[in-house]
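Just below is one structure, and these are the notes that go with it.
Each residue takes its place number in the sequence, starting with 1. Atom set for the values below is all heavy atoms of this structure, side chains included, hydrogens, waters and symmetry mates excluded.
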Amino acid sequence: MCPTLKSPSLYTKIKFLSFKYYKNAFQGQLISCFVLFCFCFSLVQCLEMTTKRKIIGRLVPCRCFRGEEEIISVLDYSHCSLQQVPKEVFNFERTLEELYLDANQIEELPKQLFNCQALRKLSIPDNDLSNLPTTIASLVNLKELDISKNGVQEFPENIKCCKCLTIIEASVNPISKLPDGFTQLLNLTQLYLNDAFLEFLPANFGRLVKLRILELRENHLKTLPKSMHKLAQLERLDLGNNEFSELPEVLDQIQNLRELWMDNNALQVLPGSIGKLKMLIYLDMSKNRIETVDMDISGCEALEDLLLSSNMLQQLPDSIGLLKKLTTLKVDDNQLTILPNTIGNLSLLEEFDCSCNELESLPSTIGYLHSLRTLAVDENFLPELPREIGSCKNVTVMSLRSNKLEFLPEEIGQMQKLRVLNLSDNRLKNLPFSFTKLKELAALWLSDNQSKALIPLQTEAHPETKQRVLTNYMFPQQPRGDEGKLSPTFFCKLKIYKPFPC
């Protein structure tokens with residue numbers, strides 16, 4: 001078996017050997033040493049060019065090294081179909097710092113492994129481990145531990161002895177609780193426990209004051225311990241796919257939080273306390289039961305991404321226009337009947353999705369969204385677009401599928417960066433002649449059955465106004481709802497929510 005060997009001292013060793021055998025060449029070993037010199041010189045060049053953490057490549061220790069002690073710091077046995085840890089590993093127990101056993105069929109870790117006192121990183125994801133032995137406590141220098149995608153049910157209490165641990169990845173394991181000793185890992189900065197069976201966290205979880213990233217997605221959490229207010233360095237918190245029925249009170253005290261995922265829970269309200277998170281940049285509240293957004297959300301003055309998709313919102317607060325740094329706003333799949341005029345104050349907004357609502361108009365202030373790149377208003381009830389839409393001159397993708405549009409304003413010809421435009425399933429009889437100015441248009445969808453992205457348009461005179469318009473054989477459009485079929489908006493409003501937690 002030939003693992004990947006990575007040695008920090010190999011570079012120096014090769015240079016030393018190159019010099020030694022170059023000198024021996026003058027003592028009658030010219031041919032053999034010259035060949036070895038060329039080999040070593042080539043390796044030195046490779047080492048000088050690499051930018052990885054150590055030498056990377058599958059190497060077998062050369063016999064010429066056997067006069068010296070081999071110093072191997074990294075071994076990689078990933079994807080080797082192993083059923084147990086190779087015995088060769090224990091030959092380097094004094095020098096081994098990183099061991100990779102990813103994606104094998106290892107069921108248990110041998111006691112000898114925990115004699116590797118210098119081990120700093122142990123990576124054994126995607127194996128068949130059912131437990132983490134208590135002997136892990138002897139790895140006092142361990143900094144990174146990855147046991148994700150196994151069958152580990154719990155951490156041993158004496159995991160607390162691994163005081164140097166900074167990163168733990170234990171996602172996709174049937175872990176139902178954390179031992180109290182876990183909260184003594186005071187140097188922990190990143191903890192990943194997604195897709196486990198956690199129902200609660202230890203009461204003193206807040207002792208992990210150095211945590212910067214905490215991911216607890218897809219568990220059964222309903223509350224958070226109050227001690228979490230001490231996590232002053234926490235920047236990313238993922239609580240998606242849990243069983244929260246309200247926003248945990250402790251969240252507004254984690255002042256440095258920058259990213260918060262609370263999607264796929266059972267929240268009914270987005271409270272004003274969220275506005276206390278002044279540093280928040282990313283907020284995902286999609287797929288809940290949210291009916292109202294408190295006006296104090298404007299306190300999230302650093303917010304750049306706001307995701308409120310698939311809720312039960314009927315309106316947005318006017319204060320949303322105070323989120324001056326917002327670049328992405330998604331409110332699709334709700335019950336909105338109107339958008340606030342203050343939406344026009346979001347001068348940095350680049351992506352706006354309000355598809356699958358009940359909008360009958362867009363505010364004229366939408367014309368102030370000069371940074372807008374992507375606009376999606378599919379599956380609403382728009383009979384027309386405001387003329388001010390033409391001022392959104394940086395839009396490259398606009399989708400207006402499944403509305404009730406009967407005509408488009410001439411000003412749409414001012415959107416000269418437009419590359420993709422979807423107008424299918426509307427009631428258009430023709431297109432304004434100003435479409436001829438859209439030189440970058442690469443796709444114009446007029447029907448769901450359209451075979452090509454662009455179909456030639458012909459110029460005709462409007463029968464009533466006599467103005468020039470553009471048309472082809474796909475006009476006038478026949479919306480699907482008029483053909484005896486259910487409107488796609490109907491299906492959009494059929495929401496299936498997971499039940500409230502018992």
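A search for salt bridge (charged side-chain N to carboxylate O under 4.0 Å, His left out) contacts involving Arg217 returns Asp238, Asp263, not counting sequence neighbours. In this structure Trp261 satisfies the ring pair (Phe, Tyr, Trp, His ring centres under 6.0 Å) test together with Tyr282, sequence neighbours excluded. Considering only residues two or more places apart in sequence or on other chains, Thr189 meets the side chain to side chain contact (heavy atoms under 4.5 Å, CB included) condition with Thr166, Ile167, Lys210, Arg212. Residues satisfying the ring pair (Phe, Tyr, Trp, His ring centres under 6.0 Å) test with Phe352, not counting sequence neighbours, are none. Legend: residues meeting side chain to side chain contact (heavy atoms under 4.5 Å, CB included) with Thr365, ordered by chain and number and at least two apart, are Asn341, Ile343, Pro363, Tyr368. Qualifying salt bridge (charged side-chain N to carboxylate O under 4.0 Å, His left out) partners for Arg387, counting only residues two or more places apart in sequence or in other chains: Glu411. For Gln458, the side chain to side chain contact (heavy atoms under 4.5 Å, CB included) partners are Pro456, Asn472, not counting sequence neighbours. Asn345 is linked by a side-chain hydrogen bond (donor to acceptor under 3.5 Å, both in side chains) to nothing, counting only residues two or more places apart in sequence or in another chain. Every residue two or more places apart in sequence or in another chain was checked for a salt bridge (charged side-chain N to carboxylate O under 4.0 Å, His left out) with Glu304, and none qualifies. Here Gln190 pairs with Tyr192 under the side-chain hydrogen bond (donor to acceptor under 3.5 Å, both in side chains) rule; sequence neighbours left out. In this structure Lys149 satisfies the salt bridge (charged side-chain N to carboxylate O under 4.0 Å, His left out) test with no other residue, sequence neighbours excluded. Residues that satisfy the side chain to side chain contact (heavy atoms under 4.5 Å, CB included) test with Pro386, not counting sequence neighbours, are Leu362, Ile366, Glu388.
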Q. For Glu98 and Lys121, what are the C-alpha separation, side-chain angles and deciding distance, and is it a salt bridge (charged side-chain N to carboxylate O under 4.0 Å, His left out)?
A. CA-CA 5 Å; Glu98 299 182 19; Lys121 181 171 183 177; 5.5 Å; no
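Between the side chains of Asp425 and Ser402, at least one donor N or O lies within less than 3.5 Å of an accepting N or O. Judged purely by distance below 3.5 Å, without hydrogens or angles, the side chains of Thr328 and Asp305 pair a donor atom with an acceptor atom. Side-chain contact check for Asn264 and Lys287: no donor-acceptor pair (N or O, by modelled atom type) lies under 3.5 Å. Side-chain N/O atoms of Gln335 and Thr337 include no donor and acceptor closer than 3.5 Å.
Residue Lys163 qualifies as enclosed at atom NZ: its count of foreign heavy atoms under 6.0 Å is above 12. Heavy atoms from other residues, nucleotides or ligands lying under 6.0 Å from CZ of Phe200 number 12 at most.
Taking 4.0 Å as the cut-off between side-chain N and carboxylate O, Arg120 and Glu97 count as a salt-bridged pair.
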